[in-house]
Undergrad: 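Please read through the structure below; I'll follow up with questions.
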Amino acid sequence: MSSVIKIENVTKIYENGALGLKDFSLDIEKGEFVFIVGQSGSGKSTFMRILLKEIEPTTGDVFIDNTELSLLKRKKVPYLRRKLGCVFQDFRLLPSKTVYENVAFAMQVVESSNRNIRRSVPQVLSLVGLHKKAKSYPDQLSGGEKQRVAIARAIINKPPILLADEPTGNLDPDTAWEIMELLKEINSRGTTVVMATHAKDIVNKMRKRVVHIENGVLISDVAEGGYDDEV
Amino acid sequence: MRFRTLKYHFGQGVRGMVKNGFMSLAAIATVIACSFILILSLCVCMNIDYILKQFEENIGITVFLGPDVDEKMTDEIGERIRNIDHVTEAVYKSADDNLTSAIDSWENASILEGLREDNPLPASFEIKLEGAKYQDSVVAELEALQLSVESELNAEPDNTERIYLDNNGNRISKEQAESLGIVGSEETTAEKGGDTATEVITAAAKADAAVPAQNSQAEAEPAPPPEITQQNAQPAAQTQPAAQTPDQTQTPAQTQTPAQTQTPAQTPAQNTQQTTVQTDPNAEAVMPEDSAEGATYSSAPSEDLMNTIMSAVNATAGGGGYYIPASSTTDGGVAGTDLYDAKLYGSDEYEYKGIEKIRHATEESHMLVRINTAVRIFSIIIMIILCIISVSIIMNTIRLTVVIRKNEINIMKYVGATDWFIRWPFIIEGMLMGFIGSFISTVICFFGYSECLHLLSEKLPVISNIAKFIGAFEIFAYIAPIALLFGVLLGIIGSVSSIRKYLRV
Ligand SMILES: Nc1ncnc2c1ncn2[C@@H]1O[C@H](COP(=O)(O)OP(=O)(O)OP(=O)(O)O)[C@@H](O)[C@H]1O
Ligand SMILES: [Mg+2]
């Protein structure tokens, strides 16, 4: 199986009865760049969280790297997450740590050696264009810069998959584009990128695979599509 | 875990503590308060225990020995006392020792010095126990020992003067008696009649006809006429002739048929007759007719003499005991022996020659045991309550710092940190805070305790006469590790339980 992510007939109904996803199936190949689009409340974040095993699907199977998530023991979940870098709309940086420390933190967590950390962090910071801000604290950065830090942190351990849930949601269009360029660069280096977004113009310009969810149901899946493409 | 990871955790732990300075101070203060109370109650409980122990030690048991117990016997008794469970020591005090300590303890006791010549005090063993709660069982053992010593004393034939009579009632020497076959090897196993007792061995009785002129008699009358006991084989031989196998007779343990002991007064007439029956292998064949033929009762010395014997025997039988040696073991076995001993020696009239008296303070020891148990239960309850309260306070304190770091935990989970990786800094932080808190508490309490001891001995020197307290170093050598462990565990439990919730992401 070359699918790095495979979802089969997944239904997620929250405890309060709200529908997250309904009979949802999807295959994502290694190295793909996939947009997940849909209205607010359509189930995009639900999809992301199921991949991260933050929540369990009510029914259906999820495979990541050919591992079925429901069979994964709780103790193994951290190792699953090391395969999935993730970026959020709200950046989620540690305010008490510098840019450098925020990125290095992700390496310390997976117990990399200090030597490795000292070598890798500056590389990644220069990849995201923040090598000059290494000693700044998050509150000294712009939104775009914060998101770059978050992306740097997400890819520092070289995960095969990068999940980005509305990474441009809090950014102005120009900054958003800079972030998209960065994600494209990362994708071109072999990382599979799955990005949930509302941003029509970005989706339309990128001409990548677009998966459209509405009310938890997959309504279209178009390679090199636009936001409003129908099957 | 790799060393750099440990270093990382330690750094994070210290950092977390410093960063959340106010919360850390609150947590440390909580630990200080909790371990303060813990140390205080430990001090109180341990001292109460210590003082009770001192009281318990004073409540030993004293065993008084009879004047006739020789050195060998004394050693043996001492050995057997020390072998009793829960006896820590048994110190021998000679009569002189006891007199000396009596003189010492009386302020104006020089008059007692006069008693040195003719010391009325008995020798004794001062017995100490592991605790007052063992007193009852040890006393029971001592009473058993008392009985068995008594049996041994009574079984010793050594001091008995024996008068041997031939068939015509004429006195003969032992050698003559032996040559006549009156005295056999059984003789040595004959019951001893006490020091001043005398046995009359007649041809009729054919050896070992010793009847125990009972000891109480011997002691009650310092200079009695020789108590002459005589064999009267008749009634017992009639009642249990077939039972007399050589085996039984060769081991003339003092036994008695229970039925007989328990109904002593019913047939007074029989008393005189049954009292002194002792049989031996030779007597096996002795049927009533035979014994008459062999010149026993009737052909024995004078009627007067026999009367003396009988009255002596009756007197010694006291309120009820009969003395029927080996021949009657048939129905009793061991149980019969016990019953016999208990009845005879246990009666109020009986005066023990071996262990004269066992003195113990039952009331006091029972009270001490009760107090001790109450204190223990009370302190355990206090400790449990204290631990619960401490843990819940510390949990809530640390939880506040964890809420602040919820974000951090969340991010760690997203980048793939294991639960333990997330926990460790919190554990170390909790450990540090617990250690610091309990250490401060221990130091404060140590100086407080020494100061208290100092003040007490200075201002209330009377107290040291009543009871001693545990020294500051001794008690804190014990308490400090407990308190530190308590603090560290408190910190760990508090921090680990407070992050549990946030690990579920
Ligand atoms: N934790 C939750 N408990 C209950 N219901 C939830 C929970 N999270 C999401 N839902 C519901 O599930 C549905 C899908 O939500 P989801 O967050 O996946 O939408 P979304 O597509 O990410 O929306 P948005 O674009 O606004 O982020 C919504 O109706 C939402 O109310
Ligand atoms: Mg969402």
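First the proteins, then the strands, lettered A, B, ... as listed; each starts at 1. Only a predicted model underlies this, so the values are computations on that prediction, with no experimental measurement involved. Quick note: numbers below take in every heavy atom, side chains included, and nothing from hydrogens, waters or symmetry partners.
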Undergrad: Taking only Lys NZ, Arg NE, NH1 and NH2, and the carboxylate oxygens of Asp or Glu, determine whether E8(A) and K6(A) approach each other closer than 4.0 Å.
TA: yes
Undergrad: Can you pull out every side-chain hydrogen bond (donor to acceptor under 3.5 Å, both in side chains) where at least one residue sits in residues 39-50 of chain B? Sequence neighbours excluded, please.
TA: N47(B)-Y449(B), D49(B)-R376(B)
Undergrad: Measuring heavy-atom distances to chain B, does I156(A) have an atom under 4.5 Å in its side chain, in its backbone, in both, or in neither?
TA: neither
Undergrad: Less than 4.5 Å to any heavy atom of chain B: does that hold for the side chain of K97(A), its backbone, both, or neither?
TA: side chain
Undergrad: By the ring pair (Phe, Tyr, Trp, His ring centres under 6.0 Å) test, which pairs, at least two apart or in different chains, include something from residues 90-115 of chain A?
TA: none
Undergrad: Is the closest basic N to carboxylate O distance between D419(B) and K413(B) below 4.0 Å?
TA: yes
Undergrad: Answer yes or no on whether K7(B) is positioned over the face of F3(B), meaning its NZ or CZ is under 6.0 Å from the six-membered ring centre and within 45° of the axis.
TA: no
Undergrad: Excluding sequence neighbours, so at least two apart, what forms salt bridge (Lys or Arg N to Asp or Glu O under 4.0 Å) with R423(B)?
TA: none
Undergrad: Salt-bridge test for E429(B) and R15(B): reply yes if a basic N is under 4.0 Å from a carboxylate O, no otherwise.
TA: no
Undergrad: Which of residues 112-124 of chain A get closer than 4.5 angstrom to chain B, counting heavy atoms alone?
TA: S112(A), S113(A), N114(A)
